[in-house]
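Basis for what follows: all heavy atoms, side chains included, without hydrogens, waters or symmetry-related copies. Computed from a predicted model, the values in this text were never measured in an experiment. Just so we're on the same page: letters track the sequence lines, and every chain starts at 1.
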Amino acid sequence: MAIADVKEYCHLTPEEVEQIGAELDAIRAEIEESRGDADAAYINRVITVQRWMAAAARIGMIVSSPMDKKVRGPVLAASAVSLGLAKILENMEIGHNVMHGQWDWMNDPEIHSSTWEWDTGQPAEQWKHSHNYIHHQFTNVLGFDNDIGYGVLRMAREQKWHPVNLGQPVYNALLASLFQWGVALHDLDLEAIRKGKKDPKEMKRQLKQIAKKGRNQILKDYVLYPALSGKQWRSTLKANATANVMRNVWSYLIIFCGHFPDGALHFTEDELEDETRSEWYLRQVLGTANFEGGKLLHVMSGNLGYQIEHHLFPDLPSNRYAEISVKVRALCDKYDIPYTTGPLHRQYGQVLRVIHKLSLPNKLTQDDKPPTGKDITVEHGRRQDEERQQRRLELGGWSRSAS
Amino acid sequence: MSRVDGTVLFAWDDGALVKAKVTQCALSRVCGACGGSLARPVAFVGTAEEVGRNAFHAPPLHEACAADVRRLLDPSWETVLTGGFEFVRPAKHDEDKRPTFEPNSLL
């Protein structure tokens, strides 16, 4: 369904829709004008804390190796947890947000979307395509947004059911525990490769990038640091694996809670091309879901508990989402637009219910969210970039005549 | 991936900007000329008027690619360097329905 057909939106007049857009523009302008030293200090502080946590963990694993088993065990456990938390912080609050360009305005050579390479299997360049562009531009549009189930899970009733979906609870557990590798392959589009649709040159280029990044990740966590622990290399290897699983499960949980709780709607491609900025804003509000929690939970989630605000303003500094959320919620109340939020456990409970229900054919289960439209079925497979784009001449004669 | 080879520019088709590619450049943070990952500083090219109002229609570019784009499309364009930029989608009331880029940390 196009945004204009969404029930939750139909009560708004075109003037109100534009007024909502103008009010969101004003929120954005206010943050742009006020961002400065305090925000820069925040991200520098987070990076410093993260690096100390990672360093302490690595040192802990090495220095504990000659220690007595009774002492070594707790030190190793603490180091594994510290490393896991450092990886979570690096991926969620630092890497994800830096790569959105949230901190480019600082003009810092290191903390910049063009230079940051994060501590996970997927190369930054591929993430910026699959996430920043495909997911953020086509948020929750069926057949366009590849994050609807990551090509592994059936997460919308409109996606055609197949007997292979019966295994969803198992695939879900595997995806959660191996999330960094699932994400690493996300931009490749395995189905297109299988069907021979993928440009072989691009496939080769992407595979080379993934192999290089994956090799470095494996060498670091499973060869180099264990080797530094000497005879106790096995313990360090296990501690590193534990830290990676911690990060995998946590990032999976946070990401899935952003778009699959009951209140987050799906859309079809109608009108996508001619969507105005206000309509784009509304699709972001209606297609995403927040979760509630304290400041620490939000920092460890990359402030993605403010998923609605993140989707409205993906390139504004994440430390400002909390204050933005107060204004966005007030705006939603004012115009009677749903603002989906709830405790993390409830949001994930709804995600789990969707995963289990949609492992079965639609006729055996009931829908928990407003239907996307009548008789809509989305076939398997993704669109290639070329299929997403219609040729539109933008600059007119003045640029053509110069060419 | 397209490369500047004298005829092919990633976000342009026959000298005209392709809207979807412009959006892709903005969000994926890739160069509008060669399609590769952007580097710092980010370059924008445009007319004196665009420079004056700090809002560009052409997508972000590598500094070296900016020179190629000017050479290929319009040598009278000017280049502006920045650390970051805002991507501004057109609003319904805007006469100009093209998205624009506003550099936010000019160098």
K.L.:
Select one option (side chain, backbone, both, neither) describing which atoms of B:D96 are under 4.5 Å from chain A's heavy atoms.
P.N.:
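The answer is neither part of B:D96.
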
K.L.:
Salt-bridged, A:E202 to A:K198, with N to O below 4.0 Å?
P.N.:
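No, this pair does not count.
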
K.L.:
If we define contacts as heavy-atom pairs under 4.5 Å, which of A:L316, A:D108, A:T115, A:V17 has the most with chain B?
P.N.:
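The option with the most such pairs is A:D108.
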
K.L.:
Give, as side chain, backbone, both or neither, the part of A:H131 having an atom under 4.5 angstrom from any heavy atom of chain B.
P.N.:
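No part of A:H131 comes within 4.5 Å of chain B.
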
K.L.:
Using a strict cut-off of less than 4.0 Å between a Lys/Arg side-chain nitrogen and an Asp/Glu carboxylate oxygen, indicate whether A:E117 and A:K213 qualify as a salt bridge.
P.N.:
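The answer is yes: the pair qualifies as a salt bridge.
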
K.L.:
So, for B:T100 and B:A55, which heavy atoms are closest and what is the spacing to 0.1 Å?
P.N.:
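Nearest pair, atom of B:T100 first, then B:A55: CB-CB, 4.3 Å.
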
K.L.:
Do you know the tightest heavy-atom contact between A:E125 and B:S37?
P.N.:
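Nearest heavy atoms, A:E125 then B:S37: CG-OG, 3.3 Å.
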
K.L.:
What part of A:M106 lies closer than 4.5 angstrom to a heavy atom of chain B: side chain, backbone, both or neither?
P.N.:
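Neither; nothing under 4.5 Å.
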
K.L.:
For the rings on B:F101 and B:F44, is their centre-to-centre separation under 6.0 Å?
P.N.:
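When the ring centroids of B:F101 and B:F44 are compared, they turn out to be within the sub-6.0 Å range.
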
K.L.:
Which of the residues A:S278, A:P109, A:G21, A:P14 is involved in the greatest number of heavy-atom pairs with chain B at under 4.5 angstrom?
P.N.:
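Heavy-atom pairs under 4.5 Å are most numerous for A:P109.
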
